[in-house]
Amino acid sequence: VGGCSGLGPRGLEGGCCGSDLKQYVFGGWAWAWWCISDTQRLSLEVMTILCRCENIETSEGVPLYVTGVAQVKIMTERELLAVACEQFLGKNVQDIKNVVLQTLEGHLRSILGTLTVEQIYQDRDQFAKLVREVAAPDVGRMGIEILSFTIKDVYDKVEYLSSLGKTQTAVVQRDADIGVAEAERDAGIRESECKREMLDIKFMSDTKTADSKRAFEMQKAAFSQEINIKTAEAQLAYELQGAREQQKIRQEEIEIEVVQRKKQIDVEEKEIIRMDKELTATIKRPAEAEAHRMQQIAEGEKVKQVLIAQAEAEKIRKIGEAEASVIEAIGKADAEKMKLKAEAYQQYGDAAKMALVLDALPQIAAKVAAPLAKVDEIVILSGDSNKVTSELSRLLAEIPASVHALTGVDLSKIPLIQKATGAQA
């Protein structure tokens, strides 16, 4: 036996040892043996069924198209529920709707054939009630209850209903026009009578209103006179008493002002003393302290500047002494160097001097030939090749004389130079 939801009953078939016992569970729960008991569900929800009957002839032979809506559900009484379960278990809701729809449409067709168009169209509620009463026993035997059945639409394609409506409309319009005319006539007569009665009543009412108003004004004037007298007396008494009270109040105010003035004088004296002390504390003392601070700062700045000047002078003196010592040392070194060179030159012989000159000759030749380095080529124009050779020999012979003139060294004493110049000669 298995559980059951509120959507519908559960049918239980079979059991142990081949039992055919059936149980119906509605809104509760039960146990079911798996693979032994067979459980099926049946929905108890309300089902809406739309019934359509097309081209069905009435008792007068007029073809009509009728549409009705029915609300049905499966009944929950145990006997009827058993019948419904027997017939509909295993079927879905659409199958149940189709069965009920066929039954309702059949009864709807049969009832349409027994009624006139006027009976169907003018009294739809009675027509629907008749269909419900006729179909209820048949669907009840299937365990289904018809909750409601209403006619949704009735029409035809031969304009019978529209013609019927036109005739009825004309009759109603005629009766309405007659009724309106009679009502307007009666209304005019009654309106005149009402106006006359209204004027009579209004005149009487205005007269009574005037009398009442005159009496009211006279009584009101008398009351006003008496009230004015009493008001004047009360006003005079009030003003007299007010003057007395005002005099007392003024006297009290004067005494209060005297006391306030004394208190104010005391407060002002104390305020003067407080302001003097505040002035001394906030202005005089800070000013003296600031003046002393500025004096100390000035003296410190003065000492600072003096010390800085002394330090700068000492720095300059020390730098001058160091530079003089350096210059003196450099001069002594240069003098010593020149002295040593002079002594060395005095000890040199002619051979040493000749070596120095020869070492310097390449540099001299480089300086002399520097302009010629910028010349790409030298062309000597001469028609005689022996003349070119003689010119070169002449240049070589003049070199020792030039060196002797520049340096004082005689290159002609060098054996190699002597041999070269002698060959030239």
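Environment of CD in Gln225: sparse, with no more than 12 heavy atoms of neighbouring residues, nucleotides or ligands closer than 6.0 Å. Residue Arg109 qualifies as enclosed at atom CZ: its count of foreign heavy atoms under 6.0 Å is above 12. Heavy-atom contacts from other residues, nucleotides or ligands closer than 6.0 Å to CD of Glu60 number more than 12. More than 12 heavy atoms of other residues, nucleotides or ligands sit less than 6.0 Å from atom CZ of Arg274. A 6.0 Å sphere centred on CE of Met204 holds no more than 12 heavy atoms belonging to other residues, nucleotides or ligands. For Glu226, the CD atom is loosely surrounded, since the number of other residues' heavy atoms within 6.0 Å does not exceed 12.
The two residues Tyr65 and Asp156 have their closest heavy-atom pair at CD1-CA, 4.3 Å. Across every non-hydrogen atom of Leu108 and Val131, the tightest pair is CD1-CG2, 3.8 Å. Shortest non-hydrogen contact noted between Leu101 and Leu50 is CD1-O, 3.4 Å. The shortest non-hydrogen separation linking Met142 to Val99 is SD-CG1, 3.7 Å. The heavy-atom pair separating Phe149 from Gly68 by the smallest distance is CZ-CA, 4.3 Å.
Glu314 and Lys318 are joined by a salt bridge, as a carboxylate oxygen and a charged side-chain nitrogen come within less than 4.0 angstrom of each other. The pair Arg214-Asp211 meets the salt-bridge criterion, since a charged nitrogen lies less than 4.0 angstrom from a carboxylate oxygen.
Put simply, the side chain of Asp95 does not reach to within 4.5 Å of the side chain of Phe88, judged on heavy atoms. Looking at Thr58 and Leu64, their side chains come closer than 4.5 Å, going by heavy atoms from C-beta outward. Residues Glu145 and Leu147 form a side-chain contact, since some pair of their non-hydrogen atoms from C-beta on lies under 4.5 Å apart. Using a 4.5 Å cut-off on side-chain heavy atoms (C-beta onward), Leu115 and Leu112 make no contact.
Using modelled atom types and a 3.5 Å distance limit, the side chains of Gln305 and Glu301 yield a donor-acceptor pair.
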